[in-house]
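It should be emphasised that the depicted structure is a prediction, and the values quoted were computed from it without experimental measurement.
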Amino acid sequence: FLFHLRGFPSSLVFFIFKMFKKINYIYDPRGLYIDEINESKKKIRLFSPIFRIIEKKIINNSIFVIVTSNKFKKKLYKLYKTNKEMLILYNSSFFYKKNKIKKNKIPINYVYCGSFNYWHDVNILKKLISYTKRLYALNSKKIPNFYIICNYKNHNGLNDISIKLNIKKKNILKLKNNKIDHFLKKMDVGLAPLKDLPSTKIGSQIKIAEYISCKLKIIATKNQGDF
């Protein structure tokens, strides 16, 4: 058997099990988990030095490692001084031709697809939306529509996002995965702001792949993976 280890936490459990039995596996860290817990200042960060040692062993004992960007690959080589083969697989495997926003289309539809947390800071999105609205107002153009697709299940969470972003609550949607692409195809511009941190510079946001696959124009903060 060849196992696919996805993410460091699950690989850590697998590593303990592997101590008692020889197993072949591919390591797919999905991100810099150890950097992320250091950035978020969680108590578990106290174990970071031990996690570094274990991750190096996980990498060196794997068949090969899957990474989501060239920056990620270089970062792991630098961190662990390893010569293990690494395969770059971006979060999107297909790209459509460029899509042009129809001239004089009013209003233009903007969308943010994803969650809010320490790395996906709602305040960064708030600044981006406010700035965009001011640009349209200064040019005497109709303010665009803004939509949010997020995973908030409770009523209070939706209210908080609506108030913070100054967006109508009806424009904040919770959609099933098989409905998201259908909705995105009705949009014009995808928003992908992200905190500028070591762990985010190597990533490949799934939302960007979704925007590209639905032929949206993209507004994103710099230093995101290889894009």
Is Met187 reachable from Ile218 through a run of I, L, V, M, F, W or Y residues, each pair having side-chain heavy atoms under 4.5 Å apart? yes

Grouping I, L, V, M, F, W and Y whenever their side-chain heavy atoms are under 4.5 Å apart, do Val111 and Leu175 come out in a common cluster? yes

Under 4.5 Å between side-chain heavy atoms, counting indirect links through other Ile/Leu/Val/Met/Phe/Trp/Tyr residues: same cluster for Ile88 and Tyr80 or not? yes

Are there more than 12 heavy atoms of other residues, nucleotides or ligands under 6.0 Å from atom CZ of Phe47? no

The reported gap from CH2 in Trp119 to CG in Leu194 (rounded to nearest 0.5 angstrom) is 10.5 Å

Heavy-atom side-chain contact between Ser213 and Asp181 under 4.5 Å: no

Distance, nearest 0.5 Å, that separates NZ of Lys71 from CD1 of Ile202: 10.0 Å

Is there a donor-acceptor pair under 3.5 Å between the side chain of Asn109 and the backbone N or O of Asp188? no

If you draw a 6.0 Å radius around NE2 in His182, do more than 12 non-hydrogen atoms from other residues or ligands fall strictly inside? no

Can you list the residues that meet the side-chain contact (heavy atoms from CB on, under 4.5 Å) rule with Ile219, with sequence neighbours excluded? Tyr110, Leu128, Val189, Leu191

State which residues pass side chain to side chain donor-acceptor pair (under 3.5 Å) with Tyr112; sequence neighbours excluded, sorted by chain then number. none

By side chain to side chain donor-acceptor pair (under 3.5 Å), which residues pair with Asp196, not counting sequence neighbours? none

Does Lys127 reach the side chain of Tyr131, with side-chain heavy atoms less than 4.5 Å apart? no

Does the pair Arg52 and Leu79 meet the rule for a side-chain contact (heavy atoms from CB on, under 4.5 Å), with working shown? CA-CA 9 Å; Arg52 290 286 187 208; Leu79 270 174; 3.5 Å; yes

Specify the closest pair of heavy atoms between Ile34 and Ile37, including all atoms of both residues, with the distance to one decimal. O-CG1, 3.1 Å

Got a sec, which residues hit side chain to side chain donor-acceptor pair (under 3.5 Å) with Asn60, two or more places apart in sequence or on another chain? Thr82

Do Ile124 and Tyr118 belong to the same hydrophobic cluster, where Ile, Leu, Val, Met, Phe, Trp and Tyr are linked whenever their side-chain heavy atoms lie under 4.5 Å apart, directly or via other members? no

Value for CZ (Phe64) from NZ (Lys84), rounded to nearest 0.5 Å, stands at 10.5 Å

Is a side-chain N or O of Ser162 found less than 3.5 angstrom from the main chain of Lys168, in a donor-acceptor match? no

Do the side chains of Leu89 and Leu2 join up, straight or via other hydrophobic residues, at under 4.5 Å, putting them in one cluster? yes

Identify the two heavy atoms, one from Asn123 and one from Asp121, that lie closest to each other, and give their separation to 0.1 Å. N-OD1, 2.9 Å

Tell me, do Ile149 and Leu184 make a side-chain contact under 4.5 Å, heavy atoms counted? yes

Hey, does the side chain of Lys215 reach the backbone of Ile212 with a donor-acceptor pair shorter than 3.5 angstrom? no

Considering non-hydrogen atoms only, spot the tightest contact between Asn166 and Lys133 and give its length. O-NZ, 3.1 Å

How many angstroms lie between atom CG of Asn38 and atom CG of Leu46, to the nearest 0.5 angstrom? 9.5 Å

Go through the side-chain N and O atoms of Tyr27 and Glu55 and say whether any donor and acceptor fall under 3.5 Å apart. yes

Output yes when a side-chain donor or acceptor of Asn171 lies under 3.5 Å from a complementary backbone atom of Phe146, and no otherwise. yes

Any side-chain heavy atom of Phe72 sitting closer than 4.5 Å to one from Leu32? yes

Anything under 3.5 Å between a donor and an acceptor, one on a side chain of residues 5-14, the other on a protein residue two or more places apart or in another chain? List them.
unit_1 : atom_1 : unit_2 : atom_2 : d
Ser10  : OG     : Arg6   : O      : 2.6
Ser10  : OG     : Gly7   : O      : 3.3
Ser11  : OG     : Gly7   : O      : 2.7

Taking atom CG of Asn24 and atom CG of Asn61, what is their separation to the nearest 0.5 Å? 10.5 Å

Do side-chain atoms of Ser62 reach the backbone of Ile59 as a donor and acceptor pair under 3.5 angstrom? yes

Report the residues that fulfil side-chain contact (heavy atoms from CB on, under 4.5 Å) with Pro198, sequence neighbours left out, ordered by chain and then residue number. Asp35, Glu39

Roughly how far apart are Lys179 NZ and Asn177 CG, rounded to 0.5 Å? 12.0 Å

Nearest heavy-atom contact between Leu165 and Ile148 is CD1-CD1, 3.9 Å

Locate the shortest heavy-atom distance separating Ile58 from Phe15; write the atom from each residue and the value. CG1-CD1, 3.8 Å

What are the two closest non-hydrogen atoms of His120 and Lys207, and how far apart are they? CD2-NZ, 3.6 Å

Donor-acceptor check, side chain of Tyr211 to backbone of Cys113, threshold 3.5 angstrom: yes or no? yes

